[in-house]
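Structure, as structure tokens:
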Amino acid sequence: MARGRLRAWFQRCQRELPWRRTRDPWAIWVSEVMCQQTRVDSAIPYYERFMRLYPTTADLAAAPVDELLSLWSGLGYYSRARNLHRAATQVMRDHGGRIPCTESEFRALPGVGAYTAGAVLSIAFEQPVPAVDGNVRRVLSRLEDLAAPTNRQLTVIADSWIDRRAPGEWTQALMELGALLCKPIAPECDACPLREECRARRHGTVAERPEPRRPPKVKEVHLWAFWDETAAGLVLERRPDQGIWGGLWMVPLLARESAAAPFDPRRAAAAGISLQCAAQPLPAVIHLLTHRRILLHPLRVRLAQPWPAEWERVSGEALSRRGTPTSLARIGRAAKAQMDREWLAAPQEKSVG
DNA sequence: AAGACGGGGAC
DNA sequence: GTCCCAGTCTT
């Protein structure tokens, strides 16, 4: 009964999304990975470019991971891209290019967790596997009036609710309800197809369900960022796969003890960083993450050879084909602003030669 | 169970 | 400023 009302509402009110025009498991999979912890509206332009460049699993498996990271640049959570690339190669190598349609095999691929497995299995393969994302968590918490349900509880509830005749539509309907009506703030209960069976609504606790997670403690981190730009390009370092901005190209970074700690050339040298000329400081760029407040302290420098192997001077045109974090562009703007100020202060020194 | 991992949009 | 988004992996 309630299932029928939710499905009818979904068929009437669902958004038009690029991945709703296909049942191709590859396309569904890509959309699910891109939407992890990411607003749908932010993911859409990335998805469109991705599917033009990599229309099949084989296309991604054959592509250099650097090309993928360039496409992913700005979307965040870059391990998603690296895992998807690894997963695509595994599908080609271990599954003959066919995306596995069993939960255990699909779930074993890197980057595929309980949610993504449930979503792809139900939407692309019409299998009755529950998918609990942030939307479903909120919808079910309110329906059952649960304050702090565990993922396990929610999965059991979601599993018992699955419409076995149309698992794909059911998964999407539940998520769409959370996205469009059963929102965290100002839910539109009057328009909800499940308003009659919603326990939180009956108890007047909708606004408190589920309880918000306590925010993580935000640690402050200070980093020196070495900006060495010449006519030949900008010196970049490929970041290790583990850690922030893994696999992306970034100016060389070095931990700074505090906001006021002076630059210590000997400690920098111990990390493989030595300067040809004195460093000019630029205003700090603040980069906020969920659990970090990163203060990037740029220094305009000329780095002395020899460099570590993972450094490279990259010219402007090649730079656009590298995966880079958004913070790189922000440091770049700070550097350019300072150079403009210098030019205004002493234009005669910068006369074109 | 908790922390690491991006970035941005809505308020 | 705050919250949190179609989560996953590691410890």
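Numbers restart at 1 for each chain; the letters A, B, ... are given by sequence-line order, proteins then strands. These numbers were taken from a predicted model, which means no experiment stands behind them. These numbers come from the heavy atoms of this one structure, side chains and all, not from hydrogens, waters or symmetry mates.
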- Task: Please check if the distance between the ring centroids of A:Trp245 and A:His287 is under 6.0 Å.
- Result: yes
- Task: Take atom P in C:dT11 and the same atom in B:dG6, then report the distance between them in whole Å.
- Result: 16 Å
- Between atom CG of A:Leu248 and atom OG1 of A:Thr326, what is the distance when rounded to the nearest 0.5 Å? 9.5 Å
- Item | Pair A:Glu32-A:Tyr115, side chain to side chain donor-acceptor pair (under 3.5 Å): steps then yes or no | CA-CA 9 Å; A:Glu32 293 302 341; A:Tyr115 163 73; 2.5 Å; yes
- Message: Side-chain heavy atoms nearer than 4.5 Å, only ILVMFWY residues, links allowed to pass through others: does that put A:Ile99 and A:Met34 together?
- Response: yes
- Message: Closest-nucleotide mapping onto DNA chain B: is A:Thr150 or A:Thr324 further toward the 5' terminus? I mean the 5' end.
- Response: A:Thr150
- Task: Check every strand shown and say whether A:Pro325 touches a base, only sugar-phosphate, or nothing at a heavy-atom separation below 4.0 Å.
- Result: sugar-phosphate
- Message: When you measure from the side chain of A:Arg23 to the backbone of A:Ala124, do you find a donor-acceptor pair of N or O atoms at a distance under 3.5 Å?
- Response: no
- Message: Looking at A:Arg20 and A:Leu17, would you say the former's side chain and the latter's main chain have a donor-acceptor pair under 3.5 Å?
- Response: no
- Across the strands shown, which category fits A:Lys217 at heavy-atom distances under 4.0 angstrom: base, sugar-phosphate, nothing? nothing
- Task: Sugar-phosphate means primed atoms, P, OP1 and OP2; the rest is base. With that split, encode nucleotides 2-9 of chain C 5' to 3' as B, S or - using protein heavy atoms under 4.0 Å.
- Result: --BBBBSS
- Would you call the rings of A:Trp29 and A:Phe106 parallel, tilted or perpendicular, where under 30° means parallel and over 60° means perpendicular? perpendicular
- Going 5' to 3' along DNA chain B, which nucleotides are the first and last within contact of chain A (any atom under 4.0 Å from a heavy atom)? B:dA4 to B:dG9
- Message: Using a heavy-atom cut-off of 4.0 Å across all strands, would you classify A:Gly74 as base, sugar-phosphate, or nothing?
- Response: sugar-phosphate
- Task: In whole angstrom, give me the gap between the P atoms of C:dA6 and B:dG3.
- Result: 24 Å
- Message: Which residue is it: A:Tyr46, A:Tyr54, A:Tyr47, A:Trp19? I am looking for the one with a side chain to side chain contact (heavy atoms under 4.5 Å, CB included) to A:Val30.
- Response: A:Tyr47
